[in-house]
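We use all heavy atoms of the structure for the numbers below, so side chains are in, but hydrogens, waters and symmetry mates are not. Quick caveat: nothing in here was measured; it's all calculated off a predicted structure. Labels below follow one simple rule: chain letters A, B, ... track the order of the sequence lines, proteins then strands, and each chain is numbered from 1.
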There are 2 protein chains.
Amino acid sequence: MQRQSYTCGLDAAIDVMGGKRKGLILFWLGEGPLRFGELRRTVTGISERMLTLQLRELEASGLVHREVHHQVPPKVEYSLTEFGHSLIEVLGPLGQWGEENMERLEASREARGPAGVSGSAAP
Amino acid sequence: MQRQSYTCGLDAAIDVMGGKRKGLILFWLGEGPLRFGELRRTVTGISERMLTLQLRELEASGLVHREVHHQVPPKVEYSLTEFGHSLIEVLGPLGQWGEENMERLEASREARGPAGVSGSAAP
DNA sequence: CGGAATCCGCGCGGATACTG
DNA sequence: CAGTATCCGCGCGGATTCCG
């Protein structure tokens, strides 16, 4: 079974930008083009590997453009496509909502992900 | 290390509703209160277990309200809180964006997730 | 009907090392 | 600098079973 099509627009949208850090990448690229290393430093808490993979997916989705400058040292710039810009436009209100309610969200986050539950790993 | 706070509002927002099907649940609850079984049938492609877990997280986030009616047969109704309503409000444009570009998104989805790569797992 | 519990596979994602 | 490749843990999430 190939997992039927999207059930609604929200499903599709979340699927394309809901990845762990894709939203963040899109957000920062919305501010302007960034090089790979700049992204790595800007989007904190992401490994090189993940950054590459996420970028490739965003590129495959047509949201991000990858500009390679063949030179030494190598330089690769990532930027939003028109499609990508259309997305962050509707992402704006969401980000603002998150900002306005950040305290509340952070507080409840601990309830959802106790993080250090672990402990008793008695076999 | 406890994974520092959210880096921006978008980060927080996606974290709270970016789960596999949380957006869908929120979306359908936005249409009105639903019972557990109704949600299970409405949000297609989700297991009982996941539906329960996702609902608990949404509840812990203060987005969803869980109303238990102690009776036989049991009846539990889920609905959006005020907070939840404020979220789906900004989620509206995102869902619309996804709907408008669904074909494009579905097409590029295959490039990102070949889905049936292996499959044939002859036991 | 609405869950909670258990088992378990598998793929996400981190760390590291190597290349052009 | 900008990746790619490999290893590997662990937690997400599906299937099944039992309970109130």
Backbone N/O of B/R35 and side chain of B/E38: donor-acceptor pair under 3.5 Å: yes
Between D/dG3, C/dC1, C/dG3, which nucleotide has the shortest distance from any of its atoms to the side chain of B/R35? C/dC1
Nearest-Å distance, CG (B/L34) to C1' (C/dG2)? 15 Å
Using a heavy-atom cut-off of under 4.0 Å over every strand shown, decide if B/R40 touches base, sugar-phosphate, or nothing. nothing
Rounded to whole Å, the CD1-C1' distance (B/I46 to D/dG13) equals 10 Å
Between A/T81 and A/L63 (side chain of the first, backbone of the second, donor and acceptor by atom type, cut-off under 3.5 Å), is there such a pair? yes
A/E48 CD - D/dA5 C1' separation (whole Å): 12 Å
Residue B/R49, side-chain atoms from C-beta onward, closest of C/dT6, C/dC1, D/dG3: C/dT6
Distance under 6.0 Å and angle within 45° of the ring axis: does A/R104 meet both against B/F83? yes
Which comes earlier along DNA chain C counting from the 5' end, the contact point of A/L53 or that of B/T52, where each point is its nearest nucleotide? B/T52
Candidate nucleotides D/dG13, C/dG13, C/dA17, ranked by approach to the side chain of A/M50 - the nearest: C/dG13
Just by distance, with hydrogens left out, do B/H69 and B/E67 show a side-chain donor and acceptor under 3.5 Å apart? no
Rounded to whole Å, CD of A/E57 lies from P of C/dC12 at a distance of 8 Å
The side chain of B/R66 lies closest to which of these nucleotides: C/dG3, C/dG13, D/dG13? C/dG3
Distance under 6.0 Å and angle within 45° of ring axis: A/R41 vs A/F36: no
Rounded to whole Å, please give me the gap between NE2 in A/H69 and C1' in D/dC1. 13 Å
Nearest whole angstrom, please: distance from the P of C/dG11 to the NZ of B/K20. 11 Å
What's the closest nucleotide to the side chain of A/P74 if the choices are D/dG13, D/dC1, D/dG20? D/dC1
C/dA4, D/dA2, C/dG2: which one has an atom nearest the side-chain heavy atoms of A/V76? D/dA2
Starting at atom CZ of A/R56, determine the distance to atom P of C/dC12, rounded to an integer number of angstrom. 17 Å
If I take atom CG in residue A/L51 and atom P in nucleotide D/dT4, what distance separates them, rounded to the nearest angstrom? 11 Å
